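Each remark here refers to the structure printed beneath this line.
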Amino acid sequence: MFNAMIETLKANPRSIVFTEGHDARILEATARLKADGFLKVILVGNVDEVKANAAKGGFDIEGIEILDPATYPEMDAMVEKMVELRKGKMSAEDCRKALSKGNYFGTMLVKMGYADSLLGGATYSTADTVRPALQIVKTKKGSHLVSSCFIMIRGEEKLAMGDCAINLGYEDRLDKDGNVVLSAAQQLAEVAIETANTAKVFGIDPKVAMLSFSTNGSGKGGTVKLSHDATAVAKEMAPDLAIDGEMQFDAAVAPEVGQLKFPGSPVAGYANTFIFPTIEAGNIGYKIAQRLGGYEALGPILQGLAAPINDLSRGCNAEEVYKMAIITAAMV
């Protein structure tokens, strides 16, 4: 899987900006990417601090571009552009203050075309990575929300799980008159389709299960109606996608259970892409698979943005940074 992505990057030179250039894990991954030579890295941070930390760790980053917001020569132009993008929501002073931080500065590098992609979150929270992306890069055409996906790998087996990191839940969006402009079901359906698209990037032929504690109408209440209605919406939005629900996890993965509880479903018992109805279920679910099931979890991979921007776990290691950098750049 990674070999295919690396070949893509070799054939299509791309760049990635790391928003936390001083971090030892980032520097170790940068040194490895430099040695491999298939991806250009830009580090954000104080030049002296970044170089000192690299020397301390024995990481060769000679020749890697390091940009410091405090000394960036094009900062005035960057501030002006951000003021324009924020459309009166932030003053020039507010924008300059925000751009002094690596997360906003790096995101503007992507928006202004200086970098193709961004990876952050080694020290920033998910919110501090996603917020600048939403304010500056924004969602891509046709998308109404940002979501996330984890790719779970165990040997040759690959699964996709979403949304496990961004959306707390789903409620109807209303206009000022109280009319529904985007239903909760439409939002969850969009997450399902985006997760299926991400799965395809990783060589997964998506069979999507819309999860709940009910299978095909066996239960009521809670998230049952949401998952059921979202399934119907997703089928309308993506008629060629193999998707079914609502269903319980055992019905999604065990053929003998799935075909008993959901006879005739093309997904029940054979699902490889799982859509959770709340962040609680999703976050717990992927961590159980990771810690008890022995799966490696890659992500969270952000979906719905107009540019490839991804978030690291603050507990990540250099190997995870390296892999997420490849994934992020390959999604350009």
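Sequential numbering from 1 along the given sequence is applied to the chain's residues. This structure is a prediction, so every number in the text was calculated from the model and none was measured.
By the 4.5 Å heavy-atom criterion applied to side chains, Val47 and Val50 are not counted as neighbours. Using a 4.5 Å cut-off on side-chain heavy atoms (C-beta onward), Lys34 and Val41 make no contact. The side-chain heavy atoms of Phe38 and Leu33, taken from C-beta on, include a pair separated by under 4.5 Å. Contact check for Lys235 versus Asp244: side-chain heavy atoms found under the 4.5 Å cut-off. Two residues are said to be in side-chain contact when any heavy atoms from C-beta on lie closer than 4.5 Å; Val180 and Arg173 fail this criterion.
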Could you give the side-chain donor-acceptor pairs of residues 297-308 under 3.5 Å, partners two or more places apart or in another chain?
{"from": "Gln303", "atom 1": "OE1", "to": "Thr198", "atom 2": "OG1", "distance (Å)": "2.7"}
{"from": "Gln303", "atom 1": "NE2", "to": "Ser147", "atom 2": "OG", "distance (Å)": "2.9"}
{"from": "Gln303", "atom 1": "NE2", "to": "Thr195", "atom 2": "OG1", "distance (Å)": "3.3"}

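Placement of Leu312 and Ile327 within a single hydrophobic cluster is found when ILVMFWY residues are connected by side-chain heavy-atom separations under 4.5 Å, directly or transitively. With hydrophobic clusters built from ILVMFWY side chains whose heavy atoms lie under 4.5 angstrom apart, Met331 shares a cluster with Val321. Hydrophobic clustering keeps Ile66 apart from Val17 (ILVMFWY residues linked when any side-chain heavy atoms are closer than 4.5 Å, directly or through intermediates).
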Walk me through it: do Tyr170 and Leu145 pass the test side-chain contact (heavy atoms from CB on, under 4.5 Å)?
-> CA-CA 11 Å; Tyr170 305 91; Leu145 74 165; 4.2 Å; yes
Might you work through the salt bridge (Lys or Arg N to Asp or Glu O under 4.0 Å) test for Asp205 and Lys200, ending with a clear yes or no?
-> CA-CA 6 Å; Asp205 180 16; Lys200 292 175 185 177; over 6 Å; no
Take Ile279 and Asn167 through the side-chain contact (heavy atoms from CB on, under 4.5 Å) test and state the conclusion after the steps.
-> CA-CA 6 Å; Ile279 196 171; Asn167 295 288; over 6 Å; no
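Checking Tyr124 against Asp311 by side-chain atom types alone, no donor-acceptor pair falls below 3.5 Å. Under the 3.5 Å distance criterion, with hydrogens and angles disregarded, a donor-acceptor pair is assigned to the side chains of Gln135 and Tyr104. A donor and an acceptor atom, one from each side chain of Ser212 and Thr223, are located under 3.5 Å apart. Side-chain contact, Asn103 with Thr19: no donor N or O sits under 3.5 Å from an acceptor N or O. Under the 3.5 Å distance criterion, with hydrogens and angles disregarded, a donor-acceptor pair is assigned to the side chains of Asn310 and Thr328. Side-chain polar atoms of Gln187 and His144 form no donor-acceptor pair below 3.5 angstrom.
Taking 4.0 Å as the cut-off between side-chain N and carboxylate O, Arg131 and Asp128 count as a salt-bridged pair. A salt bridge is absent between Glu93 and Lys97: the closest approach of a Lys/Arg side-chain nitrogen to an acidic carboxylate oxygen does not fall below 4.0 angstrom. Salt-bridge check for Arg96 with Glu80: failed, with every basic side-chain N at 4.0 Å or more from each acidic carboxylate O. Using a 4.0 Å cut-off between a side-chain N of Lys or Arg and a carboxylate O of Asp or Glu, Glu319 and Arg25 do not qualify as a salt bridge.
Ser117 OG to Ile42 CD1: the interatomic distance, rounded to the nearest 0.5 Å, is 9.0 Å. Atom CG of residue Asn3 and atom NZ of residue Lys10 lie 8.5 Å apart, to the nearest 0.5 angstrom.
The residue from Thr30, Asp36, Asn317 that alone fulfils the side-chain hydrogen bond (donor to acceptor under 3.5 Å, both in side chains) condition with Tyr322 is Asp36.
Relative orientation of the Phe249 and Phe274 rings is tilted, given thresholds of 30° and 60° on the angle between their planes.
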